[in-house]
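Note that these values count all heavy atoms, side chains included, but never hydrogens, waters or copies made by symmetry. Residue numbering restarts at 1 for every chain, and letters A, B, ... go by the order of the sequence lines.
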There are 2 protein chains.
Amino acid sequence: MGRKAGIEKSDIAQAAARIADRDGLDAATLSAVARELGIKTPSLYNHVDGLEGLRRLLAIHGSEIVLSDFKAAVDGIEGAEALKALSEADREFASRHPGLYSSFLPAPTEESDPELYTAMAAPAFLVAHVMLDMGIPQEEALHLVRALRALLHGFLELEANRGFGMPIDIDESFDRSVDLMIEAITAAAARHK
Amino acid sequence: MGRKAGIEKSDIAQAAARIADRDGLDAATLSAVARELGIKTPSLYNHVDGLEGLRRLLAIHGSEIVLSDFKAAVDGIEGAEALKALSEADREFASRHPGLYSSFLPAPTEESDPELYTAMAAPAFLVAHVMLDMGIPQEEALHLVRALRALLHGFLELEANRGFGMPIDIDESFDRSVDLMIEAITAAAARHK
DNA sequence: CAGTATGTCTAAACCCTTTAGTCTTGTCAA
DNA sequence: TTGACAAGACTAAAGGGTTTAGACATACTG
């Protein structure tokens, strides 16, 4: 056999994403991806640095989608409305791409993997930007970005993993939780007007 | 060889917890646990239903610790103060037992595994109880429990996985995020006085 | 004291990851 | 045109984890 299959890195990312979103991140093994692509497992090592490299590829792929979703979500709006749109876009992404969403943790540090770090930080920067535009001072904005991210991440992960036992409407819980956080952020902005 | 080792389920839970908290949940394999206990891997199947059973054991073990930590945290206090104490106890647990903390997801449903479900729901019920005692009507309390749980879970998981890139004080972010949420909960309580 | 249940073990299959080395094929320069 | 090289596939094989099956020793129980 020669080099006929012609696999590209993007083919690998897409196949892995398909598997991860369908069967869970753990199902996106090197052998499953190779099977999906019609090649043998060791051949993947010509494109990707082992299992860890595959996870990295997934995280980058996912971050790109999130960033473009976020950009579309805030297009033309700002302030509290933009934050709500970002929150909903985040939930939409997590629900459409559960496998990619799980690939975001553990996160790299800026030193351990600058490329991946940058790709993953971009959506967070976008959120921070909205808050800065609301007039919130930088340091406070960073704390508030963390609060919002934590709320969103926790909610989405609990939702995805059946962490919420009670039989009441989850959509409403999400709306209320997010609104509550956004109101607090709006109040912080007003305090600095 | 006969039956001399005399392994108990609690020995397995403790060994697995030690490994998971030290080297991560994924390191708590059947073979690592068997090694730690001085027996062979297949012998574990006499006590535990495979890898999944081991995870289940960890989650129950962790839930029991969380519940007792939570009970100690709220002892003698109530209202906003109790919520703050619970939040700090949660963070303390996650930092002391990162492996056990990760074992909580994915969560079972009440039908799929009633025993584990009950064990894991107990700490959440305790939080709900504090809110009900504050005078918040049941349905709203359930939404607010979700909001607080989401915030805490998201924060702790992001913190544990280096998800927060920015170089500002994480303790302060935690305090602010939690206070912000508790203020909203207090306001909801006041609305129903 | 005999029989049974318990709990350990060994053996073996299966799957996934990873390394090493082979071989085919496309490309590019002489 | 052709020969060398690089890319990218492959096979072979090792190593580790999970899991089942079956053997065997030890402790209880009547």
Side-chain angles (χ1 to χ4, degrees), chain A residues 1-61 99-100 102-103 106 108 112-113 116, chain B residues 1-61 99-100 102-103 106 108 112-113 116:
Chain A
M1 311 248 163
R3 80 193 226 206
K4 60 168 178 258
I7 300 295
E8 300 279 338
K9 229 172 195 155
S10 62
D11 299 324
I12 297 178
Q14 281 172 22
R18 204 161 38 237
I19 296 169
D21 286 339
R22 180 167 24 90
D23 305 326
L25 182 59
D26 289 348
T29 64
L30 289 173
S31 53
V33 171
R35 215 175 298 133
E36 180 101 357
L37 293 171
I39 63 177
K40 302 291 178 177
T41 309
S43 305
L44 281 176
Y45 282 77
N46 290 315
H47 305 279
V48 145
D49 193 10
L51 185 59
E52 199 173 333
L54 183 70
R55 301 297 251 279
R56 209 184 88 96
L57 204 60
L58 274 178
I60 291 179
H61 183 64
L100 287 178
S102 335
S103 80
S112 71
D113 188 337
L116 179 53
Chain B
M1 309 252 165
R3 80 192 229 209
K4 62 167 177 254
I7 301 294
E8 298 280 336
K9 228 173 196 156
S10 63
D11 298 325
I12 298 178
Q14 280 173 22
R18 206 162 35 238
I19 296 170
D21 285 339
R22 178 166 27 88
D23 305 326
L25 182 60
D26 289 347
T29 63
L30 290 173
S31 52
V33 171
R35 217 175 297 134
E36 180 101 356
L37 292 172
I39 62 176
K40 302 291 177 178
T41 309
S43 305
L44 281 176
Y45 282 77
N46 289 314
H47 305 280
V48 145
D49 193 8
L51 185 59
E52 199 173 332
L54 184 69
R55 300 299 249 278
R56 208 183 89 97
L57 205 59
L58 274 178
I60 291 180
H61 184 63
L100 287 179
S102 335
S103 81
S112 72
D113 189 338
L116 179 53

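Look at NZ on B:Lys40: it is 20 Å from P on D:dT20, rounded to the nearest Å. When the P atom of D:dG17 is taken as reference, atom CG of B:Leu54 falls 14 Å away, rounded to whole Å. Across the protein-nucleic acid pair, B:Glu52 atom CD and D:dG17 atom P stand 20 Å apart, rounded to whole Å. Summarising the geometry, the separation between CD on B:Glu8 and C1' on C:dT6 is reported as 12 Å, rounded to the nearest angstrom. C:dA13 atom C1' lies 13 Å from atom OH of B:Tyr45, rounded to whole Å. Put simply, CG on B:Asp49 is 8 Å from P on D:dT19, counting in whole angstrom units. As rounded to whole Å, 13 Å separates atom P of C:dC16 from atom CG of A:Asp26. One atom, CG of A:Leu51, and another, C1' of D:dG16, lie 14 Å apart when rounded to the nearest Å.
Listed candidates were D:dG17, D:dA21, C:dT17. Nearest to the side chain of B:Pro42 is D:dA21. Nearest to the side-chain atoms of A:Thr29 among the listed nucleotides D:dT20, C:dC9, C:dC16 stands C:dC16.
Rounding to the nearest 0.5 angstrom, the gap separating the CZ atom in B:Arg56 from the CG atom in B:Leu51 is 13.5 Å. Note: A:Glu36 CD to A:Ile19 CD1 = 4.5 Å, rounded to the nearest 0.5 Å. In this structure, A:Asp23 CG and A:Thr29 OG1 are separated by 10.0 Å, a value rounded to the nearest 0.5 Å.
If you run side-chain contact (heavy atoms from CB on, under 4.5 Å) between A:Leu44 and each of A:Asp49, A:Ile39, A:Leu54, only A:Ile39 comes through.
OP1 or OP2 of D:dA9 has at least one side-chain nitrogen or oxygen of A:His47 nearer than 4.0 Å. At D:dG17, one or more side-chain N or O atoms of B:Ser31 fall inside 4.0 Å of OP1 or OP2 (strictly under the cut-off). Listed pair B:Arg35 / D:dG17 meets the phosphate criterion, a side-chain N or O lying under 4.0 Å from OP1 or OP2.
Nucleic acid contact class of A:Ser43 (heavy atoms, under 4.0 Å, all strands): base.
Residue side chain A:Asn46 does not reach the base of D:dA7 through any donor-acceptor N/O pair under 3.5 Å, judged by distance alone.
In this structure, the side chains of B:Val33 and B:Val48 stay at 4.5 Å or more apart for every pair of heavy atoms.
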